[in-house]
**Q** 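Let me give you the structure first, and then I'll get to my questions.
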There are 4 protein chains.
Amino acid sequence: MRADARRNRERILKAARAVFGEQGIEAQIDDVAKRAKVGVGTVYRHYPTKEALRDALVRERFEEIAGYAEEALRRDDAWEGFCELIWRAAERNAADRAFCEVVAFTDQSSIVEETGLAGSTALLMERAKALGKLRADATPVDIPIMMAGAGSVMRAHASPAVWRRYLTIMLDGLRAP
Amino acid sequence: MRADARRNRERILKAARAVFGEQGIEAQIDDVAKRAKVGVGTVYRHYPTKEALRDALVRERFEEIAGYAEEALRRDDAWEGFCELIWRAAERNAADRAFCEVVAFTDQSSIVEETGLAGSTALLMERAKALGKLRADATPVDIPIMMAGAGSVMRAHASPAVWRRYLTIMLDGLRAP
Amino acid sequence: MRADARRNRERILKAARAVFGEQGIEAQIDDVAKRAKVGVGTVYRHYPTKEALRDALVRERFEEIAGYAEEALRRDDAWEGFCELIWRAAERNAADRAFCEVVAFTDQSSIVEETGLAGSTALLMERAKALGKLRADATPVDIPIMMAGAGSVMRAHASPAVWRRYLTIMLDGLRAP
Amino acid sequence: MRADARRNRERILKAARAVFGEQGIEAQIDDVAKRAKVGVGTVYRHYPTKEALRDALVRERFEEIAGYAEEALRRDDAWEGFCELIWRAAERNAADRAFCEVVAFTDQSSIVEETGLAGSTALLMERAKALGKLRADATPVDIPIMMAGAGSVMRAHASPAVWRRYLTIMLDGLRAP
DNA sequence: CATGAATGAGACTTCATTCAT
DNA sequence: TATGAATGAAGTCTCATTCAT
């Protein structure tokens, strides 16, 4: 890919992050283009539909979170790693309106699978169960569920205190009795 | 209000319940009117904006749930009453796409307040705490939070098993340690 | 249908006739709306797609021509009736750019069938053959063929003399040897 | 012109023939470039507009047909030569969607003139008239007319039988009575 | 009061052509 | 000279809301 194309692609992604983050999935491609100081056509050249752009953003974020999961796996206490993963992911997502909307309303399990997040989380949870700290019946699907829930709580209630409270309860619910 | 006007209002509400329930907030007023066998103008006469109609539906549902809360208050064990309230509300909401979307994405606390649901729940939770069954730091805002979470889980994952699992974890998280 | 709706529908059709006639199938719906002094939405209410509007125009014209065919059937000499039909249809179409384009490039046989033009023409041709004036191997499909040919000649060559010459040759070709 | 430039020009023409032939005038320059394995810029360097490229293709074809006309002139019977010319040209054009569209909708007489096709045809027709086989009032403009008609028939009706029938009638119409 | 036709801003997307690399 | 990324006007269609009948 040519240097200028890569530069533009970056600009578009950056602009998209901002615009989607502020306005949610309803954000307009024209606004993204304007923000990126690029013609609409350029946006469409890189991402052939609005959905493609949105998915790129979502995937990017899940890749980042997959990175957190890798780090969490390196911790001694898998349960603590698990909790930290959840908290870090949530902190990261809190300001991103579109991401919250997407995970809250659509099943993103294929992306979760592809980014390796599913795998790492499964491993992490198994270990946490082995430690007797995670409830035995917890499953990897609980993660998307929590994220969906957290996403909507974040969208519906401005205050971080509210979603933090939500996560606290949720994690307590997941702790082994 | 004239008799026919009241009748129309009822028809509109009924149609709106069906249409919004099936199609979510994106549903069109025209469809509601068509279903109600009424002109769009009539819908707008009763509910000046789409939001007004949606709010009427939401309020109606919260009033129903407030009724459940009243019943729950009459039970001997407040914690059991609380759990039952949550489960009944969830069962009720599960099939209503628009309701899920609304509670998942917007703060409906004023309606919750006005319908008396806030008050009953507060009382119920106090009693459950007194029994030592609800965690001491639980607060009435946890209810809308749970509903937001459940709403999004319901929208994102078709299977009832998924949101039931979600509620189970959530209620376990709320149980006194 | 309400009086104002019918009036608008008429205005739209009239505007469409003019705009499509002048600019061909590429004409824009916005222009039709502007010409009809009506919002775009109104055009789309009456004709849900551009194609629907175009088809309405085409059908209208074929109905008119089907009327000519009825008249032609009432003439004593079927061959003369046939020729007259062709000439009248051509005169009618000559000024209509979109119609020429449509018949020149797309098979409109279903509309030809539905308007009854196919039937009348078949009858007319049978009689003309019985008189020994139309070549025995001529078939009703030759009509759309002639119209396609005439349409393109009309579009490609401004002068009426050119397409009249075309029709003359064509009809001579159809005359019994 | 440099050797590689000439080579590119050839590749572009070849690709354009294929792409326009398949998709008609609506074909995109990008597709031509892709097929030619060349950048769009290169196409535009050789042919400054889409029309220029299309015209090059049309001219090329008319030159080929002019060659047929030369051959036809060498035949003993000018009328037979004329008929053969028409048939050969038609067979050649039938598979070329863009060519059909161009001749069906635009007057290409200047190209017909420039390629010498006009001259050869005029001569051929004069001779055929002298033989008493071509109708006396036939003129060289009848050729583009027939081609326009045939082009549209070819586009509108998939089956070769249909346009062959068209040409048969047309040639019968041109035969001296 | 009821009706439903009309409105029109605004959304997404395409593609001929230009121009930086 | 070649490349192909960038441009952006323009086109189709939608839908919340208004208003004439």
Side-chain angles (χ1 to χ4, degrees), chain A residues 1-9 11-12 26-34 36-51 53, chain B residues 1-2 4-5 8 12 26-34 36-53, chain C residues 1-9 11-12 26-31 33-34 36-53, chain D residues 1-2 4-5 8 12 26-34 36-53:
Chain A
M1 190 183 288
R2 246 163 58 179
D4 57 341
R6 173 151 32 244
R7 204 163 48 239
N8 269 331
R9 180 171 262 256
R11 290 161 67 98
I12 289 166
E26 309 275 81
Q28 298 163 34
I29 294 292
D30 279 55
D31 283 355
V32 172
K34 219 162 278 166
K37 282 181 183 147
V38 139
V40 229
T42 305
V43 177
Y44 277 96
R45 158 173 283 266
H46 288 278
Y47 303 97
T49 62
K50 195 183 174 179
E51 277 66 44
L53 177 53
Chain B
M1 192 183 288
R2 266 162 44 178
D4 58 340
N8 269 339
I12 290 166
E26 309 274 82
Q28 288 162 239
I29 295 292
D30 276 61
D31 282 354
V32 172
K34 214 163 283 168
K37 283 179 183 151
V38 140
V40 228
T42 307
V43 177
Y44 275 93
R45 161 166 295 272
H46 287 278
Y47 303 97
T49 62
K50 196 181 176 179
E51 276 67 42
L53 177 54
Chain C
M1 190 183 287
R2 246 163 57 179
D4 57 341
R6 173 149 36 243
R7 203 164 48 240
N8 269 332
R9 180 171 262 256
R11 291 160 67 98
I12 289 166
E26 309 276 81
Q28 298 163 33
I29 295 292
D30 279 53
D31 283 355
K34 219 162 279 166
K37 282 181 184 147
V38 140
V40 228
T42 306
V43 177
Y44 278 96
R45 158 173 282 266
H46 288 278
Y47 303 97
T49 62
K50 195 183 174 177
E51 278 66 44
L53 177 54
Chain D
M1 191 183 288
R2 268 163 41 179
D4 58 339
N8 269 339
I12 290 166
E26 309 273 83
Q28 288 162 238
I29 295 292
D30 277 62
D31 283 355
V32 172
K34 214 163 284 169
K37 283 179 184 151
V38 141
V40 229
T42 307
V43 177
Y44 275 92
R45 163 166 293 272
H46 288 277
Y47 302 97
T49 63
K50 196 181 176 180
E51 276 67 43
L53 177 55

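Values in this document were obtained by computation on a predicted structure and should not be read as measured data. Letters A, B, ... mirror the listed sequences (proteins, then strands); counts begin at 1.
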**Q** To the nearest 0.5 Å, tell me how far D:Leu53 CG sits from D:His46 NE2.
**A** 11.0 Å
**Q** For the pair made of NZ in A:Lys34 and P in E:dG10, what is the distance, rounded to whole Å?
**A**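 It is 11 Å, rounded to the nearest whole Å.
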**Q** If you compare all heavy atoms of A:Lys37 against all heavy atoms of A:Arg11, which two are closest, and at what distance to 0.1 Å?
**A**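 What the structure gives for the nearest pair is CB-NH2, 3.3 Å.
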**Q** On a heavy-atom basis, which atom in B:Ala33 and which in B:Val43 lie closest, and how many Å separate them?
**A**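 Taking every non-hydrogen atom into account, CB-CG2, 3.9 Å.
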**Q** Side-chain N or O of A:Thr42 versus OP1/OP2 of F:dA5: is the shortest distance under 4.0 Å?
**A** no
**Q** On DNA chain F, check which nucleotide each of D:Gly39 and A:Asn8 is closest to and give me the residue with the more 5' one.
**A** D:Gly39
**Q** Please check the phosphate of F:dG4 (OP1 and OP2 only) for any side-chain N or O of A:Arg45 closer than 4.0 Å.
**A**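 Answer no for this pair, as no side-chain N or O of A:Arg45 is under 4.0 Å from OP1 or OP2.
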**Q** Can you name the closest pair of heavy atoms from D:Ile12 and D:Val32 and give their distance?
**A** O-CG1, 4.1 Å
**Q** Using both distances under 3.5 Å as the test, list the Watson-Crick or G-U wobble partner of E:dA2, or none.
**A**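 Pairing partner: F:dT21.
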**Q** For B:Asp31 and E:dG4, what is the distance between atoms CG and P respectively, to the nearest whole Å?
**A** 15 Å
**Q** What is the distance, rounded to the nearest whole Å, between atom NE2 of B:His46 and atom C1' of F:dA16?
**A**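 Roughly 18 Å, once rounded to whole Å.
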**Q** Where along nucleotides 14-21 of chain E does protein come under 4.0 Å, by heavy atom, of base (B) or sugar-phosphate alone (S), with - for untouched nucleotides?
**A** BSSBB--S
**Q** Among C:Arg7, C:Arg6, C:Arg2, whose salt bridge (Lys or Arg N to Asp or Glu O under 4.0 Å) with C:Asp4 holds?
**A**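 Answer after filtering C:Arg7, C:Arg6, C:Arg2: C:Arg2.
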**Q** Whole angstroms only, please: what is the CZ-P distance between A:Arg6 and F:dG4?
**A** 15 Å
**Q** Find the distance between CD1 (C:Ile29) and OH (C:Tyr47) and round it off to the nearest 0.5 Å.
**A**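 With rounding to 0.5 Å, CD1 (C:Ile29) is 11.0 Å from OH (C:Tyr47).
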**Q** Quickly work out the C:Arg9 CZ to E:dG4 C1' distance and round it to whole Å.
**A**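 After rounding, the gap between these two atoms is 15 Å.
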**Q** Over how many whole Å does the gap from B:Lys37 atom NZ to E:dA2 atom P extend?
**A**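 Answer to the nearest Å: 18 Å.
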**Q** Does E:dG8 have a Watson-Crick or wobble partner in any strand here, with both distances under 3.5 angstrom, and which is it?
**A**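 Paired with F:dC15.
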